[in-house]
Amino acid sequence: QVHLVESGGGSVQAGGSLRLSCAASGFTACMGWFRQAPGKERDRIATISSFGVTTYADFVKGRFTIGMDNAKNTLYLQMTSLKPEDTAMYYCAAAWGGYCGTLRTSDFPAWGQGIQVTVSS
């Protein structure tokens, strides 16, 4: 079973940047980043398949980039132009089967512990 560990979170001012990392062990066919703010549902941010095909939620297009360092078996999320509404707990996740870009939160069986991102105004 895959094991996921996030790192790189923290606090930044609006307009700033952060880079999140997710170290993975074991095989993953699809990986994604999600976030959840207090009192809100967990939203899908972006996914990347084992072939490098990516998808993004509309609210992060042009600001966030998902990538995979295959040599290090590490998933990344580069976040720029951060907004206060980006404040949330961020999670990486892994899934198998189906089409990566269409998988929903409930389709991901493996999750990291989550890491806090706080953006101040």
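Treat the numbers as computed from the prediction; the structure is a model and nothing was measured. Note: hydrogens, waters and symmetry copies are ignored here, and every other heavy atom, side chains too, is used.
Between C30 and L103, the shortest heavy-atom distance links the atoms SG-CD1, 4.0 Å. For M31 against L4, the heavy-atom pair with the smallest separation is CE-CD2, 3.7 Å. Here the closest heavy-atom approach between residue S121 and residue P84 is recorded as CB-CG, 3.9 Å. Of all heavy-atom pairs between A37 and A88, the closest is N-CB, 3.9 Å. The minimum heavy-atom distance linking P109 with W96 is given by the pair CG-CZ3, 3.4 Å. Considering all non-hydrogen atoms of both residues, T80 and R63 come closest at OG1-O, 2.7 Å.
Taken to the nearest 0.5 Å, the CG atom of L18 stands 9.5 Å off from the CG atom of L77. Note that OG of S120 is 15.5 Å distant from NZ of K83, once rounded to the nearest 0.5 Å. Here the straight-line distance linking atom CG of L20 with atom OG1 of T74 works out to 12.5 Å at 0.5 Å rounding. With values rounded to the nearest 0.5 angstrom, L75 atom CG is found 10.5 Å from N70 atom CG. For the atom pair OG1 of T102 and CG of D107, the computed distance is 7.5 Å after rounding to the nearest 0.5 Å.
Residues V5 and I66 fall into different hydrophobic clusters, defined by Ile, Leu, Val, Met, Phe, Trp and Tyr side chains chained together at heavy-atom separations under 4.5 Å. Y56 and F34 are assigned to two separate hydrophobic clusters, defined by single-linkage of ILVMFWY side chains at heavy-atom distances under 4.5 Å. Connection of V60 to Y91 is not established within any shared hydrophobic cluster, with ILVMFWY side chains joined at heavy-atom distances below 4.5 Å, either directly or through further cluster members.
Taking the charged nitrogens against the carboxylate oxygens, D58 and K61 do have a contact shorter than 4.0 Å, which makes a salt bridge.
With N73 contributing its side chain and A24 its backbone, the two residues share a donor-acceptor pair below 3.5 Å. A donor-acceptor contact shorter than 3.5 Å is absent between the side chain of R42 and the backbone of S106. A donor-acceptor contact shorter than 3.5 Å links the side chain of E6 to the backbone of Q113. Within the 3.5 Å criterion, the main-chain N or O of Y76 finds a donor-acceptor partner in the side chain of W33.
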Side chain to side chain contact (heavy atoms under 4.5 Å, CB included) between E85 and V119, intermediate numbers included: CA-CA 8 Å; E85 51 263 46; V119 184; over 6 Å; no
In sequence, state the C-alpha distance, the side-chain angles, and the governing distance for M79 and V12, and then conclude on side chain to side chain contact (heavy atoms under 4.5 Å, CB included). CA-CA 11 Å; M79 304 184 292; V12 297; over 6 Å; no
Does R35 form a side chain to side chain contact (heavy atoms under 4.5 Å, CB included) with V117? I'd like the steps, not just the answer. CA-CA 9 Å; R35 72 186 190 188; V117 171; over 6 Å; no
Might you work through the side chain to side chain contact (heavy atoms under 4.5 Å, CB included) test for W111 and T105, ending with a clear yes or no? CA-CA 10 Å; W111 293 84; T105 301; 3.8 Å; yes
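Sparse packing is recorded around OH of Y99, with 12 or fewer heavy atoms of other residues, nucleotides or ligands lying under 6.0 Å away. Summarising the local packing, CZ of R104 is surrounded by 12 or fewer heavy atoms from other residues, nucleotides or ligands at distances under 6.0 Å.
A search for salt bridge (charged side-chain N to carboxylate O under 4.0 Å, His left out) contacts involving K40 returns nothing, not counting sequence neighbours. Remark: S11 pairs with T118 by the side chain to side chain contact (heavy atoms under 4.5 Å, CB included) rule, at least two apart or across chains.
Ring geometry for F64 against Y90 counts as tilted: the plane angle lies between 30° and 60°, on a 0 to 90° scale.
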